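Report on the following structure.
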Amino acid sequence: MIVEVCINYQDANVDRTFDYLVPGHLEELVEVGKRVYVNFGVSNRVVEGLIINVKEDTNVEREKLKCVLAVIDKIPIVSDEQIKLAFSIKNYYATKLGQALGLIIPPFVSNNEIYIICAQQTSDLTLEDELKEIYNRILKRPVSANSKLAKENEDKIASLFLRGLLRFELKLLKSLNEEKRETPTEPQYKLTKDQKKALELITSTFDKGIYKNILLFGVTGSGKTEVYIQAMRYVISKGKSVILMVPEISLTPQMIQNVKRRIESEVVVYHSKMNSSQRQRAWLKLKSGEAKVVIGPRSAIFAPAKELGLIIVDEEHETSYKSEKSPRVNAVEVAQMRAKINSIPIVLGSATPTVEHYYYAIAGKYAICTLRERINKALPEVFVVDMKKEILDGNKSIFSRLLLSEIEKNLQRGEQVLLFLNRRGYSPIVICRECGYVYMCKNCSISLTYHKDGYLRCHYCNYKQEYTSICPKCGSKYVRQYGSGTQRIEDEIKTYFKDARVLRMDKDTTTRKDAVEEILSKFKSKEADILVGTQMVAKGLHFPDLTLVGVINADTILNMPDFRSKERTFQLITQVAGRAGREKQGRVVIQTFNPDDYSIVAASNHDYESFFEEEIKIRKTMGYPPYSYIVNFIVVSQNEGFAKKGIENVYRLLEKCTKIVNLKIYGPSESPIFKVENQYRYHILVKFEKASQMIDIANMIKERYNYNNAELIIDVNPINTL
DNA sequence: AGCACGCCGACT
DNA sequence: GTCGGCGTGCTC
């Protein structure tokens with residue numbers, strides 16, 4: 001018996017599998033998805049590997065074959081379906097199989113912890129007895145022909161198992177206090193016509209057992225959640241499970257509450273602040289099928305849901321679904337792969353769908369349902385203020401006259417205000433007026449942001465230094481802070497409205513574990529009149545008395561050097577605007593220097609279609625997605641010269657491809673932010689005509705790039721090219 | 001990642 | 001002559 005093993009998931013610079021011989025005493029233990037210990041390389045290091053195939057024969061010469069030393073897991077920690085998913089990810093994102101598996105294998109799996117928990121789950125023996133039995137079975141037999149090595153390996157493995165034995169006692173104590181669960185209450189909700197249609201489409205697609213993207217296009221407050229819940233109930237009633245993806249768990253407490261209350265099965269919530277034992281419990285509940293619903297952000301798409309029947313991606317346009325760390329996967333794309341593997345529907349919900357997805361929907365590639373009505377109230381009234389004109393009229397304030405007067409009215413009425421600015425800190429640039437020196441991060445090519453606590457901070461690497469008002473370059477004392485962040489908005493708004501109670505929500509005020517919930521509940525219970533915040537406040541929040549939203553500067557995203565900047569602007573304005581007047585009539589004031597830009601005009605008219613029409617024309621003439629497929633090849637090194645050499649290697653490889661397929665190469669050039677955390681970055685952007693060509697060439701470059709002095713990052717379908 | 005193999009410069 | 005530099009390639 002032979003097993004095909006993927007060695008050391010994460011970093012080993014090998015992207016192939018290896019065959020190992022299974023000794024007789026391990027034959028009944030090996031299974032696809034279990035981990036094994038094997039000898040690897042000339043020095044026979046003991047390494048961990050994952051079995052991805054069990055077979056009778058191999059092409060490898062017998063004398064090369066080594067034996068499996070031990071089987072680590074009692075049950076597979078990765079299912080067949082998840083292994084298929086790993087291969088899809090490897091192929092599409094041009095990663096190594098190990099990297100793809102690394103996303104799927106739960107991070108808490110270390111040594112034999114899973115073995116221990118699983119033993120606890122399945123055995124009739126006491127835990128300790130079973131562990132001892134396993135220990136004896138695996139270790140008290142010859143593991144390899146070479147007896148010297150065998151002894152060393154035994155010692156190594158024995159020590160791993162002993163560590164496990166110590167842990168198991170703690171686990172035993174913990175498992176005695178099992179959590180209890182609220183029983184769901186079975187209320188009937190009446191659906192609107194549109195909701196009914198959407199639900200029917202989802203359930204009938206599910207019944208057919210086919211892979212299909214269903215775009216659920218509905219404005220904020222049109223009742224998407226109700227469609228999700230009823231669809232989930234249907235799928236669960238047929239014995240299947242559901243993954244519900246949300247962009248950020250701490251901002252969707254209402255939805256989670258709703259789902260928990262209305263779903264028959266146990267609901268597991270994944271979030272980044274869970275500790276290792278909470279994660280283990282969640283993982284096991286899904287794996288065993290005890291829980292049929294998992295809700296969570298990006299990582300939830302890798303959850304071990306058993307017999308998956310439906311995937312729902314809420315706010316599918318959110319960029320947080322894309323990982324910024326290598327491998328740069330997009331959880332929405334991964335969700336599509338997983339839906340395809342399982343032949344199930346995937347629901348993409350949004351009020352502002354991505355241009356690509358909407359394009360596929362109207363082209364007939366995806367199904368689409370539109371929820372037109374806003375269930376409670378009319379949409380808010382939107383005013384666009386031209387800030388050029390404000391300046392011409394002598395208004396030097398950050399706030400337009402209209403915004404100030406609207407805030408005033410709101411405060412008088414006892415209603416609440418939300419002020420949105422996409423930038424934290426006090427001011428983003430500190431500059432010497434004598435010599436022009438801009439305070440820069442010493443690790444990144446980024447200007448430092450002045451914070452109110454007297455420190456200058458880099459928002460890329462968190463480097464901080466004390467602020468001195470004397471220029472470090474020329475010694476002048478004419479140093480000035482330019483621009484505004486949320487801290488400054490908070491300060492200045494207090495000078496205009498001295499009695500107003502102001503709260504601020506951004507990365508700086510929410511580092512503590514429950515900080516987000518605390519700020520939101522304070523605002524909800526009307527302990528504050530004005531909430532100032534970044535991106536965080538734009539999403540999903542619902543406050544009955546919030547009737548005015550101010551967008552301080554709509555241009556921050558618009559001016560980014562990215563072909564999606566208009567789309568992002570439209571989405572963000574629409575989203576923040578959606579926070580106003582969810583029950584009473586709301587108003588929105590948008591401050592901008594580009595009042596005529598179509599993304600801003602369309603957002604102010606709540607008109608997705610006309611935004612889309614303008615945007616798709618530009619995408620077509622410029623050859624951007626969905627009319628092309630983009631890959632960003634980035635080469636990174638601490639040494640500038642190495643990075644440059646690396647990107648030149650990539651360029652040479654790409655040039656050869658121009659003879660075979662039609663592609664457009666932009667670069668090589670320095671990345672827009674050249675240095676990040678002391679790493680120099682060069683990149684080449686490549687546009688392909690066909691997805692298949694993109695995949696082939698990205699994989700070819702990955703295979704052939706062998707310059708070890710600089711790391712190559714392949715970003716397929718990049719969201720952020722900075 | 002490790003480790004060996006291999007092909008060039010400055011040394012006992 | 002040979003010790004060691006690290007480029008290249010392999011690991012079942």
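Values reported hereafter were calculated over all heavy atoms of this structure, with side chains retained and with hydrogens, waters and symmetry mates removed. Lettering follows sequence order; numbering is per chain, from 1. What you see is a predicted model, and the numbers here were worked out from it, not measured in a lab.
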Query raised in the report: For A:Met245, does its backbone N or O pair with a side-chain atom of A:Tyr321 as donor and acceptor, under 3.5 Å?
Result: yes
Output one line per pair: protein atom, nucleotide atom from nucleotides 2-7 of chain B, and distance, for all N/O pairs under 3.5 Å.
| unit_1 | atom_1 | unit_2 | atom_2 | d |
| --- | --- | --- | --- | --- |
| B:dG2 | OP1 | A:Arg45 | NH1 | 3.2 |

Requested in this report: Using a cut-off of 6.0 Å, state whether more than 12 heavy atoms not belonging to A:Lys325 lie near its atom NZ.
Outcome: no
Requested in this report: Compute whether any side-chain donor of one residue and acceptor of the other, for A:Tyr439 and A:Gln465, lie under 3.5 angstrom apart.
Outcome: no
Query raised in the report: How close or far is atom C1' of B:dA1 from atom CD of A:Glu711, stated in whole angstroms?
Result: 14 Å
Query raised in the report: If you count the non-hydrogen atoms of other residues, nucleotides and ligands that lie under 6.0 Å from NZ in A:Lys340, is the total more than 12?
Result: no
Query raised in the report: Would a distance-only check, ignoring hydrogens and angles, find a side-chain to backbone donor-acceptor pair under 3.5 Å from A:Asp73 to A:Arg35?
Result: yes
**Report entry** Contacts of A:Asn443 that satisfy side-chain hydrogen bond (donor to acceptor under 3.5 Å, both in side chains) - sequence neighbours left out
**Finding:** A:Asn678
Report task. Quick one: do A:Lys292 and A:Glu307 satisfy salt bridge (Lys or Arg N to Asp or Glu O under 4.0 Å)? Show the steps, please. Result -> CA-CA 9 Å; A:Lys292 290 217 181 314; A:Glu307 294 191 63; over 6 Å; no
Requested in this report: Using chain A heavy atoms and a threshold of under 4.0 Å, write down where along DNA chain C the contacts begin and end, 5' to 3'.
Outcome: C:dT11 to C:dC12
Requested in this report: May I ask you to check if A:Lys687 and A:Tyr624 form a cation-pi contact, with NZ or CZ under 6.0 angstrom from the six-membered ring centre and within 45° of the axis?
Outcome: yes
